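The figures that follow rest on heavy atoms only: side chains count, while hydrogens, waters and symmetry mates do not. Not measured: the values here are computed from a predicted model.
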Amino acid sequence: MRQLAGFAVALLSLPLLFWLQQEVAAEWHEANEYKEQVEKTIELSEPVVTIPMSLFDRNGRLFAEEYAEWRDPLALSEIPLFAKQLFLESEDKGFYEHRGYDVAAIARAFAVNANSNGLSQGASTITQQVVRMRFLSPEKTYERKFKEILYAAELEKQSTKDEILEMYLNEMFFGNQVYGIGAAATYYFSKPLAELNEAETAFLAAIPNNPSLYDPLKHFDRTKKRQERLLQVLVNSGVLSAEEGELAQNAPVELRLKQKNSQFPAYHTYVVDELKQLISEKEGFTAQLENAKDEEAKKAIQQALSQRISEVINSGVRIDTSLDPIKQFSLENGITRVLSGSGIQSGAAVVDNQSRELISVYGGFGYRKTDFNRSFQAVRQPGSIIKPLLVYAPYLESGTYTENSLVDGSGICIGSFCPENFGRYSYGVSTVKKAFSQSYNTTAVRVLQRVGIDKSFAYLSPFRFKYVTEKDHQYTAALGGFEKGMTPFEMANAYSSFIDGTFKPARAIRSVTDRHGKLLYQWQDERKEVWSQKTTNTIRSMLEETARSGTARGLRSTTGYTGAKTGTTSHYKDLWVAGLNKKYTAAIWMGYDRPQSLQQQSEQKLHLKVFSAALSD
């Protein structure tokens with residue numbers, strides 16, 4: 001009977017056992033899922049940080065930095081032992097023993113915090129603090145604290161103790177947008193961490209506990225008092241002797257704040273723009289954009305490109321440039337002196353004839369970083385400075401013509417287009433040289449007609465004028481009548497082909513390397529012949545004649561050879577000069593940002609004074 005009753009109880013218990021088994025299985029599955037979720041969440045990918053980008057001139061000297069946060073990450077081996085001891089002894093004495101969290105420390109924190117004199121030993125380990133900085137929001141809740149402990153345990157599985165300590169020392173916030181102890185040393189004392197004495201190092205270690213309370217720029221005395229308490233901690237733990245601790249506590253601490261290097265902002269801005277072009281070309285984005293099927297595809301490519309550019313700029317790259325600081329200083333001062341008080345603006349670009357590099361730019365009167373940079377952003381109709389490139393050089397290439405060949409300068413109409421010469425003068429037959437140097441418009445249109453529009457425009461293709469389109473293939477282009485036009489940089493770039501008939505794009509960037517010196521990007525341009533030697537010599541001769549007795553007469557010549565071409569748009573809204581001497585090739589634009597007549601300034605030859613400043617040493 002008992003056996004039967006037992007069997008019945010067992011039979012009736014089966015549903016309960018089955019239910020319990022299901023519940024346990026569900027709980028176990030949920031726990032495993034949460035564990036997997038935690039493990040997936042803590043992937044040791046590099047945090048998104050912005051490391052300063054540094055720009056160097058042709059002499060290897062730093063001239064500009066770009067950053068929103070000042071960082072200078074160091075390998076753990078580069079961080080002095082004393083600096084490590086400061087944080088280990090004050091923040092996490094058992095760091096190398098625990099598994100990411102310290103149960104004893106959590107309990108001990110209640111007692112320590114009650115009588116700490118502002119030097120509390122928090123319950124959070126260094127590992128937990130790294131987790132908080134990298135993965136979790138800063139709110140103080142039990143749920144967040146629980147996650148912090150789980151994450152810390154997982155982080156300890158995936159990283160060594162030294163790796164975690166290195167993360168910690170490089171990612172701590174030291175106030176004033178400074179992150180990491182290496183950056184704190186260079187920001188507050190203007191020298192590397194390894195060169196700091198014990199007093200200075202301890203002073204820095206005082207800040208992260210509460211960067212607002214211990215901001216040394218606002219509360220120096222508070223920071224100093226905490227520094228002294230930290231040094232006492234090291235004395236108590238035996239890291240320092242009592243005498244050493246007292247010497248460090250009494251040693252003077254003098255801040256020497258880092259000044260953000262920001263010389264030559266106009267050139268700096270151009271370099272950043274060129275960097276974007278370099279990344280786009282080297283990583284295939286340029287080709288993708290050219291082959292994009294529609295605007296939707298273009299937009300997606302542009303977004304990917306923008307993201308990549310941001311990654312590179314924020315990764316702490318070093319950019320070596322061709323900037324000539326002496327020439328840049330001379331250019332800025334020279335043009336500013338000419339324009340001072342006039343309200344007129346200008347943009348300029350200067351190319352070194354020997355290296356074919358962009359060595360200086362002028363972004364505008366009173367230029368500041370992020371302003372509209374007129375050297376490469378001011379797109380203006382070029383007036384007659386386009387004639388050597390679009391009209392006369394192609395004409396000389398098309399036959400056995402010379403500067404003494406005769407051309408007709410009488411009136412001409414092509415459809416409704418009837419160009420007029422300056423002052424509405426009418427000319428008959430003249431030499432090419434005279435028509436060039438005196439800038440006869442009727443002759444230029446007639447020469448373009450003889451060569452052919454498409455053939456002449458084909459000669460512009462090596463220069464890759466960004467804003468020239470098929471719509472510009474009109475006879476008005478012979479006089480600079482483009483829908484949009486060119487920039488001073490583009491014109492200086494193109495005119496460099498008249499140095500010797502060869503062309504190589506003028507670049508500001510020589511190389512881009514990462515923080516460890518690995519080469520990331522570099523232009524690989526080859527110099528190509530675009531004009532025959534005969535054409536080159538003739539154009540140079542006619543440019544020289546223009547500077548000597550033509551429309552550019554009045555230029556200051558200091559190197560034996562100076563050749564230039566002037567350009568004026570309708571109603572004197574824009575004044576241009578482009579040309580070269582033995583050392584430099586340059587182009588300048590002058591005008592008002594809101595166009596108005598510059599006739600008086602043209603008659604005073606103000607544009608020639610600006611161009612003389614661009615060519616001078």
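- Ion pairing between a basic and an acidic side chain is recognised when a charged N comes within 4.0 Å of a carboxylate O; E544 and R548 show such pairing.
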Under 3.5 Å, which donor-acceptor pairs link side chains of residues 460-469 to any protein atom two or more places apart or in another chain?
{"unit_1": "S461", "atom_1": "OG", "unit_2": "A458", "atom_2": "O", "d": "2.7"}
{"unit_1": "T469", "atom_1": "OG1", "unit_2": "K471", "atom_2": "N", "d": "3.3"}

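- For the residue pair A586 and V350, the shortest heavy atom distance occurs at CB-CG2, 4.1 Å.
- Considering every non-hydrogen atom in both D472 and F457, the closest pair reads O-CZ, 3.1 Å.
- For the salt bridge (Lys or Arg N to Asp or Glu O under 4.0 Å) criterion with D617, the lone passing option out of K583, R556, K327 is K583.
- Taking all atoms of both residues into account, the shortest heavy-atom contact from T269 to K369 is OG1-CG, 4.2 Å.
- Under a cutoff of 6.0 Å and an axis angle of 45°, R527 and F503 do not form a cation-pi pair.
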- Message: I'd like to know whether R540 forms a salt bridge (Lys or Arg N to Asp or Glu O under 4.0 Å) with D500, so could you lay out the CA-CA distance, the side-chain angles of the two residues, the decisive distance to 0.1 Å, and finally the verdict.
- Response: CA-CA 9 Å; R540 286 176 63 88; D500 62 6; over 6 Å; no
- After noting the C-alpha distance and the side-chain angles of Y395 and Y401, does the key distance pass the ring pair (Phe, Tyr, Trp, His ring centres under 6.0 Å) rule? CA-CA 8 Å; Y395 173 69; Y401 305 112; 4.1 Å; yes
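- Because its NZ or CZ atom is both nearer than 6.0 Å to the ring centre of Y67 and within 45° of the ring axis, K260 counts as a cation-pi partner of that residue.
- Heavy-atom minimum distance, K455 versus Y459: O-CD1, 3.2 Å.
- Expressed to the nearest 0.5 Å, how far CG of N421 lies from OG1 of T442 amounts to 3.5 Å.
- Without hydrogens or angle criteria, N441 side chain to P419 main chain gives no donor-acceptor distance under 3.5 Å.
- Checked by atom type, the side-chain pair S549/E545 shows a donor-acceptor distance below 3.5 Å.
- Checked by atom type, the side-chain pair S541/E403 shows a donor-acceptor distance below 3.5 Å.
- By the side-chain contact (heavy atoms from CB on, under 4.5 Å) test, A578 is found to be paired with I385, Y495, A587, residues two or more places apart in sequence or in another chain being considered.
- The only option from L55, I509, I309 that meets the side-chain contact (heavy atoms from CB on, under 4.5 Å) definition with L275 turns out to be I509.
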- CA sep, side-chain torsions, deciding dist, call: E357, R510, salt bridge (Lys or Arg N to Asp or Glu O under 4.0 Å): CA-CA 9 Å; E357 295 173 314; R510 288 181 170 178; 2.9 Å; yes
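- Smallest separation of non-hydrogen atoms from R507 and S322: O-OG, 3.2 Å.
- The distance from atom OG of S342 to atom OH of Y592, rounded to the nearest 0.5 Å, is 6.5 Å.
- The six-membered or imidazole ring of F376 lies near that of Y270, with a centre-to-centre distance under 6.0 Å.
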- Task: List the steps and the verdict of side-chain contact (heavy atoms from CB on, under 4.5 Å) for Q307 and S310.
- Result: CA-CA 5 Å; Q307 183 177 344; S310 181; 5.7 Å; no
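- A cation-pi contact, defined as under 6.0 Å to the ring centre and within 45° of the axis, is absent between R256 and Y188.
- In plain terms, the two heavy atoms of P382 and M486 that are nearest each other are CG-SD, 3.6 Å.
- When the side-chain hydrogen bond (donor to acceptor under 3.5 Å, both in side chains) test is applied to Q449, no partner is found at least two apart in sequence or on another chain.
- A cation-pi contact links R71 to Y179, judged by a cut-off of 6.0 Å to the six-membered ring centre and 45° from its axis.
- Classification of E283 and R308 as a salt-bridged pair holds, one side-chain N sitting under 4.0 Å from a carboxylate O.
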